[in-house]
There are 2 protein chains.
Amino acid sequence: MKTNCENCPLRQLDLFEDMSKDELQFMSRFKTGEFIAQPGTEILAEGASSSQLYTVLDGMGMRYKTLEDGSRQVVGFILPGDFIGLQSGVMGEMKHTVEAATRMTLCVFNRSELWDLFKYQPRRAFDLTHVAATEEFLLGEMLAAVGQMNAMTKIAWVLNRFYKRLTALGLNENDQVPLPYRQQDIADAMGLSLVHTNKTLAKLRSQGVVTWSSEMLTVHRPNALAELGLSAGVPAIRRPLI
Amino acid sequence: MKTNCENCPLRQLDLFEDMSKDELQFMSRFKTGEFIAQPGTEILAEGASSSQLYTVLDGMGMRYKTLEDGSRQVVGFILPGDFIGLQSGVMGEMKHTVEAATRMTLCVFNRSELWDLFKYQPRRAFDLTHVAATEEFLLGEMLAAVGQMNAMTKIAWVLNRFYKRLTALGLNENDQVPLPYRQQDIADAMGLSLVHTNKTLAKLRSQGVVTWSSEMLTVHRPNALAELGLSAGVPAIRRPLI
DNA sequence: CGAAAAGTTGAAACCAATCAAATAGGGTGG
DNA sequence: CCACCCTATTTGATTGGTTTCAACTTTTCG
């Protein structure tokens, strides 16, 4: 069942930068196999030093940190094309946990070969750094949202972000995108209580902006959502695929 | 006035990883000069594509993003040894503004030579990725603090972080470290109002935990501060210097 | 079909924001 | 060297957004 990098469906998307024939060959060698993660499974644990790195081929998940007092902060939602394990790869251990929200298909790489990538594929190494910088950028955006916005703006912001990212991945059908998370996940991501998150979602629904049920998000008024989320003029970021 | 990398004072610190003779030579060539930034100066602007990258030799600054509604989120405080401009270097433009809080001395590199670094110094390229991953880690920590903690914990957390980082840089003298920021900066970093930040600082003062005045932070009860900031067992992270 | 998980709703309490105003500090020009 | 101005800090009173508590409904899954 190992898909070849040559016909990886993700590569075709405009969202991701192109890859040369040479790079493609290297990546095919770099890839050691595929891994299926079941919903709710921990893929990488905070503090763990994994010998594997992954690129998401299919499915969704999330990254989160657990604080000393037990509370949870979701630091990112993982979608197809995302790279997992960079921290473990370069810093020795993961600084957050990665968990599957749905069934996920992962492209597996060996950490031990990461060094070869830097040695023999400087272009790919550069791309890896690009991915790291993109992660930093996304986290910065999220920090700004969590730190400065009120509840309504936060929720609109995160839903709009999902809508845009999933649309860029070609997962938008009739203004509907898959959103297989729980309200608690959104609450923990945006620094809100579950109850208030729920009430804010209800408000968006009653205003006819979005509907979110049975793991599908329907956006009825995309412009209203973007404006509520203070993301009117925010362009999608093109990035490399690892 | 160009200091040689060979006798760069930062390299001696335990905080930073060692560098080989070869790497050191490369860095000396990579470095094109030094730059002095005056307090309050913008070093890099959000959205700008800089042709220069920097490593901080001396002084302090901060990174911040400005939202569409005008509010400001401080996404990081910049201390000696920090690398500036990575996003611009690999993604083409900065995603946040960098501003000097004090007079700063910066080591200047040309972005155009960054590619040589990846091509001929894979070890240094790896270190650069390490730096990017460290940034991501620090942002994640901050996000967790801003998203999950209450005001007292947030303030204690950020002060403790300053105390630890500055101590690792050898800037601790008798439990005193320099802290040349305004209360507004701390407020914008932790997602609190200026007034509430001030009141929380007053509480910490009256409890005899810390004193912060005239740009100096004095920590009277380090353990109490760490516990209040939920950072009792958090180790310092060793990282490469660029 | 029953139990557990997720979502929904209302009421009360509270933490933090906002408003308002005074005090302290730092720099500059007379 | 002092008066003045502008910025930063401090403090009190009030408002309000969010959390917490509690209970109920719906959905999911074995």
Side-chain angles (χ1 to χ4, degrees), chain A residues 38-41 62 67 69-74 99 101-103 145-159 178-207 210-218 228, chain B residues 38-40 62 67 69-74 99 101-103 145-159 179-207 210-218 228:
Chain A
Q38 296 305 324
T41 311
M62 57 194 171
L67 280 76
D69 67 353
S71 59
R72 182 182 77 146
Q73 173 68 44
V74 171
E99 186 178 307
T102 67
R103 183 174 189 276
V146 172
Q148 303 300 322
M149 297 175 176
N150 60 25
M152 174 57 83
T153 310
K154 282 180 183 178
I155 298 295
W157 180 87
V158 73
L159 293 183
L179 199 60
Y181 298 99
R182 292 164 301 166
Q183 295 187 358
Q184 184 70 65
D185 299 329
I186 305 296
D188 288 345
M190 304 313 294
L192 295 171
S193 71
L194 169 62
V195 173
H196 202 54
T197 298
N198 179 287
K199 286 173 179 170
T200 307
L201 284 167
K203 201 173 284 181
L204 279 173
R205 196 184 318 131
S206 75
Q207 290 178 359
V210 300
T211 317
W212 177 24
S213 65
S214 51
E215 311 202 330
M216 286 299 270
L217 174 72
T218 309
L228 280 170
Chain B
Q38 296 304 326
M62 56 194 173
L67 281 76
D69 68 352
S71 59
R72 182 182 76 147
Q73 173 68 45
V74 171
E99 185 178 309
T102 67
R103 183 176 190 274
V146 172
Q148 304 300 322
M149 297 175 176
N150 61 26
M152 174 57 83
T153 310
K154 282 180 182 178
I155 298 295
W157 180 86
V158 72
L159 293 183
L179 200 60
Y181 298 99
R182 291 163 302 166
Q183 295 187 0
Q184 184 70 64
D185 300 329
I186 305 295
D188 288 345
M190 304 312 295
L192 294 171
S193 71
L194 170 62
V195 173
H196 202 55
T197 299
N198 179 286
K199 285 174 180 171
T200 307
L201 284 167
K203 201 174 286 181
L204 280 172
R205 196 184 318 131
S206 76
Q207 291 176 0
V210 300
T211 317
W212 177 25
S213 65
S214 50
E215 312 203 330
M216 287 298 270
L217 174 72
T218 309
L228 280 171

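Naming: A, B, ... by sequence-line order, numbering from 1 per chain.
- The nearest whole Å value for the distance from the CG atom in B:Asp188 to the P atom in D:dA8 is 12 Å.
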Note to self: Treating primed atoms plus P, OP1 and OP2 as sugar-phosphate and everything else as base, which nucleotides of nucleotides 15-23 of chain C get B, S or - for protein heavy atoms under 4.0 Å?
What the structure shows: -BSBB----
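- Nearest approach of A:Thr197 to A:Ala187, heavy atoms of both residues: OG1-CB, 3.3 Å.
- At its two ends the helix from C:dC1-D:dG30 to C:dG30-D:dC1 runs along axes set 50° apart, each axis drawn from five pairs and the angle rounded to 10°.
- Among all heavy-atom pairs drawn from B:Gln73 and B:Ala189, the shortest one is NE2-O, 2.9 Å.
- Closest approach of A:Tyr181 to A:Trp212, counting heavy atoms only: O-CZ2, 3.2 Å.
- Going from atom CZ of A:Arg182 over to atom P of D:dT28 covers 14 Å, rounded to whole Å.
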Next item on the list: Tell me, with the steps shown, if B:Asp185 and B:Met62 meet side-chain contact (heavy atoms from CB on, under 4.5 Å).
Entry: CA-CA 9 Å; B:Asp185 300 329; B:Met62 56 194 173; 3.3 Å; yes
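- The two atoms that bring A:Pro180 and A:Ala101 nearest to each other are O-CB, 3.9 Å, heavy atoms only.
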Notebook entry, point to check: Please walk me through it: do B:Asp69 and A:Thr153 pass side-chain contact (heavy atoms from CB on, under 4.5 Å)?
Noted result: CA-CA 11 Å; B:Asp69 68 352; A:Thr153 310; over 6 Å; no
Note to self: Before you tell me yes or no, could you show the steps for B:Met190 and B:Met149 under side-chain contact (heavy atoms from CB on, under 4.5 Å), namely the whole-Å CA-CA distance, both residues' side-chain angles and the distance that decides it to 0.1 Å?
What the structure shows: CA-CA 9 Å; B:Met190 304 312 295; B:Met149 297 175 176; 5.7 Å; no
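- The nearest whole Å value for the distance from the CG atom in A:Asn198 to the C1' atom in D:dG17 is 16 Å.
- The minimum heavy-atom distance between B:Lys154 and B:Gly191, with the atom names listed, is NZ-O, 4.0 Å.
- Dashed line: the shortest gap from a side-chain N or O of B:Gln183 to OP1 or OP2 of D:dT10 is under 4.0 Å.
- For the pair A:Arg103 and A:Pro39, the tightest heavy-atom approach, listed with the atom from each and the gap, is N-CG, 3.5 Å.
- Counting to the nearest Å, the P atom of C:dT8 and the CG atom of A:Leu204 are 12 Å from each other.
- The distance from atom CD of A:Glu215 to atom P of D:dC29 is 8 Å, rounded to the nearest whole Å.
- Atom CD of B:Gln148 and atom P of D:dT20 are 10 Å apart (whole Å).
- For the pair A:Leu201 CG and D:dT18 P, the interatomic distance rounds to 13 Å; values are reported in whole Å.
- Put simply, NZ on A:Lys203 is 15 Å from P on C:dT8, counting in whole angstrom units.
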